[in-house]
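Structure, as structure tokens:
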Amino acid sequence: MIAETKMYTVGEFDDITDSDIGETAFKQLRALILNDGEMGESANIDELITDASVCMKLFARNGRETIRVKNYVGIISLPCGLTIEVLPKIPFGDNVVARKLVLEMLRACGNIPYKHFQNADLRTERFTLFEIFIRMFIDEVTALYKRGLASGYVYTESNERFIKGKLIVNENIKFNAVHGERFYVGYDEFALNRAENRLIRSALLYLRDISAFDENRRELRRLCLMFDGIDASDNIDRDFARCSSDRNIKRYAVALKLCRVFLRKKSFTLYSGQNSAASLLFPMETLYERYIAIEMAKNLPSGWRLSAQYGKVKLFDGDRFPMRPDIVVFAGDKKIVIDTKWKKLNDDKSQNFGISQADMYQMYAYHTRIDDVKKVVLLYPRHDKSISIPPYTVKEKDITIEIKFIDLCEYLRAAHDERSEIMHGVCE
């Protein structure tokens with residue numbers, strides 16, 4: 001039996017030293033950060049999944065090596081058995097609330113798909129994010145198996161006592177020079193051993209060996225037995241390319257998307273040998289931006305509409321220097337420009353409350369270059385209920401830039417009507 005994996009939970013922007021996680025785990029995490037340069041800063045943010053080398057940085061503090069988590073959330077599993085869980089920095093909530101928020105964002109954005117999102121059933125008080133993802137995969141594959149796995153024609157070569165399909169002459173000479181009673185043939189066989197099932201089998205075997213919870217491991221072993229007659233994939237990329245787009249395979253879509261998370265090297269960093277480690281990390285800035293856009297679109301007043309990443313304006317005349325505000329809300333003949341900022345502000349007026357000067361220049365440009373703008377809003381997550389920042393105005397140009405906040409913990413708990421009211425308050 002696999003030993004129970006230890007868990008260490010940190011928040012984004014927290015520091016980690018060897019005294020926090022132990023010397024062995026720190027060395028393995030350090031190697032993970034330094035060893036992987038494949039994706040680098042060119043990581044595909046559209047996938048919302050990124051390697052640890054992009055998400056953490058190594059530096060020296062008081063002569064001591066320290067690892068700082070950037071604004072990413074997710075998990076890192078180390079070969080020593082330690083799982084590091086990185087949660088968002090949110091106020092007024094504990095780790096359970098933080099996990100629920102991450103899962104809610106991922107569900108809304110469609111990056112970790114599952115059909116029945118019920119926080120109570122996901123047991124966020126017990127499971128790490130990674131174990132929750134494994135649980136989703138188990139439930140999806142179980143439902144798939146109950147409906148019946150898809151079969152398909154699979155090309156097979158074998159040495160038979162009779163001819164079926166076509167004779168492969170060169171191989172037949174190689175294997176049967178002294179066995180005239182046999183024939184080396186190639187043929188299509190209708191079987192379960194198709195690409196989609198091989199990928200699921202591979203993911204089951206992988207997760208069975210690294211899951212830290214008995215309940216998940218027990219279910220994974222059960223599913224491995226159910227897939228026992230199916231080969232594990234010997235080429236992940238090739239099998240993903242072979243996955244059918246046939247409508248009869250649509251029921252595999254969710255399971256295969258999760259397989260991509262677990263198996264594809266570009267999205268889930270795997271290392272072989274003694275330094276084997278895995279990371280599943282998501283950029284909070286992108287999650288926050290997309291989550292707000294999706295939730296706002298669902299909760300706008302009747303007659304209003306929303307455009308995300310509005311790209312119809314340039315800073316100068318011509319095609320250069322395009323400007324893409326995160327969200328533009330169309331309210332009648334007026335526009336409201338909203339830019340989301342995943343950042344904690346403060347109450348220090350002398351430091352402009354922590355608002356970036358570059359962000360303000362950007363908002364000013366939106367106001368002057370986008371026609372019929374009613375106002376521009378910088379939207380931050382609320383960390384301190386006492387902070388209230390008045391609008392910034394340029395009276396002679398009739399420009400107003402408002403600083404607004406959204407309490408994500410409150411929003412997570414709110415009913416549908418209350419969510420609509422919260423989003424309307426951001427725009428009004």
Side-chain angles (χ1 to χ4, degrees), residues 88 90-93 97-98 100-110 117 119 284-313 323-345 353 355 359-360 362-367 369-394 398-428:
I90 61 171
F92 328 122
V97 177
K100 288 182 178 180
L101 177 61
V102 174
L103 292 170
E104 169 75 10
M105 287 181 164
L106 292 172
R107 179 201 60 79
C109 297
F117 179 77
N119 282 328
M284 273 306 300
E285 282 186 359
T286 309
L287 269 181
Y288 176 59
E289 172 192 325
R290 293 186 181 181
Y291 180 65
I292 294 297
I294 290 167
E295 290 297 303
M296 190 172 288
K298 291 192 302 186
N299 293 290
L300 284 176
S302 177
W304 291 25
R305 61 188 179 90
L306 178 147
S307 174
Q309 290 292 308
Y310 184 78
K312 296 183 179 180
V313 62
M323 301 167 61
R324 292 186 178 275
D326 295 340
I327 299 168
V328 176
V329 174
F330 298 84
D333 59 352
K334 298 294 184 181
K335 300 185 184 79
I336 302 167
V337 178
I338 301 172
D339 242 38
T340 58
K341 301 297 178 184
W342 183 256
K343 184 179 180 180
K344 181 178 180 181
L345 297 188
F353 308 99
I355 300 169
D359 288 342
M360 277 306 211
Q362 187 181 37
M363 298 304 104
Y364 181 87
Y366 289 158
H367 216 311
R369 294 299 296 165
I370 300 177
D371 295 334
D372 301 320
V373 171
K374 178 182 177 182
K375 65 179 176 182
V376 176
V377 176
L378 274 171
L379 183 61
Y380 295 86
R382 179 170 289 287
H383 287 82
D384 187 341
K385 290 185 177 181
S386 67
I387 295 178
S388 178
I389 303 173
Y392 289 84
T393 61
V394 182
D398 193 26
I399 290 175
T400 299
I401 300 173
E402 293 190 12
I403 309 300
K404 292 197 173 186
F405 300 91
I406 182 168
D407 187 331
L408 292 171
C409 297
E410 177 186 333
Y411 188 81
L412 189 64
R413 294 189 294 264
H416 175 72
D417 291 345
E418 295 171 319
R419 289 188 173 196
S420 297
E421 187 177 336
I422 292 171
M423 285 303 179
H424 191 194
V426 171
C427 299
E428 67 181 4

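Index from 1, following the sequence. Computed from a predicted structure; not experimentally measured.
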Within a strict 4.5 Å, meaning less than it, do heavy atoms of the [X] and [Y] side chains meet?
| X | Y | value |
| --- | --- | --- |
| Val337 | Val377 | no |
| Lys100 | Leu412 | yes |
| Val102 | Pro88 | yes |
| Ile338 | Cys427 | yes |
| Met360 | Ile355 | yes |
| Val373 | Tyr366 | no |
| Ile403 | Tyr392 | yes |
| Met105 | Met284 | yes |

To the nearest 0.5 Å, what is the distance between [atom1] on [X] and [atom2] on [Y]?
| X | Y | atom1 | atom2 | value |
| --- | --- | --- | --- | --- |
| Arg290 | Asp326 | CZ | CG | 11.0 Å |
| Leu287 | Leu106 | CG | CG | 5.0 Å |
| Gln362 | Ile401 | CD | CD1 | 10.0 Å |
| Phe353 | Leu345 | CZ | CG | 9.0 Å |
| Arg369 | Asp371 | CZ | CG | 8.5 Å |

For a side chain to side chain contact (heavy atoms under 4.5 Å, CB included) check, start with the C-alpha distance between Leu101 and Cys409, then their side-chain angles and the critical distance, and finish with the verdict. CA-CA 8 Å; Leu101 177 61; Cys409 297; 6.0 Å; no
Evaluation steps, salt bridge (Lys or Arg N to Asp or Glu O under 4.0 Å), between Glu104 and Arg419: CA-CA 14 Å; Glu104 169 75 10; Arg419 289 188 173 196; 3.3 Å; yes
Looking at Lys344, I want to see if its NZ is surrounded by more than 12 non-hydrogen atoms of other residues, nucleotides or ligands under 6.0 Å.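 Atom NZ in Lys344 is not packed in, count stays at 12 or less.
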Nearest heavy atoms of [X] and [Y], plus distance in Å:
| X | Y | result |
| --- | --- | --- |
| Lys404 | Gly425 | NZ-O, 2.9 Å |
| Leu306 | Ala297 | CD1-N, 4.0 Å |
| Ile399 | His367 | CG2-CD2, 3.4 Å |
| Ser420 | Asn299 | OG-OD1, 3.0 Å |

Test: ring pair (Phe, Tyr, Trp, His ring centres under 6.0 Å). Region: residues 285-309. Which pairs qualify, not counting sequence neighbours? Tyr288-Trp342, Trp304-His424
Less than 4.0 Å between a side-chain N and a carboxylate O, is that true for Asp372 and Lys374?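 No, no charged N to carboxylate O under 4.0 Å.
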Mind running side chain to side chain contact (heavy atoms under 4.5 Å, CB included) on Val376 and Thr400 for me, showing each step along the way? CA-CA 7 Å; Val376 176; Thr400 299; over 6 Å; no
Pair Ile387, Phe405 - check side chain to side chain contact (heavy atoms under 4.5 Å, CB included), show working. CA-CA 9 Å; Ile387 295 178; Phe405 300 91; 4.0 Å; yes
In terms of side-chain heavy atoms, does Tyr411 have a donor or acceptor partner in Glu295 at a distance below 3.5 Å? yes
Evaluation steps, side chain to side chain contact (heavy atoms under 4.5 Å, CB included), between Ile406 and Ile422: CA-CA 8 Å; Ile406 182 168; Ile422 292 171; 4.1 Å; yes
side-chain hydrogen bond (donor to acceptor under 3.5 Å, both in side chains) against Glu421, all qualifying residues, sequence neighbours excluded: none
Please lay out, stage by stage, how Asp339 and Lys341 fare under the test salt bridge (Lys or Arg N to Asp or Glu O under 4.0 Å). CA-CA 7 Å; Asp339 242 38; Lys341 301 297 178 184; 3.6 Å; yes
Main-chain N/O of Ala415 paired with Glu418 side-chain donor or acceptor, under 3.5 Å: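 Indeed, once roles are kept as given, a pair shorter than 3.5 Å links the two residues.
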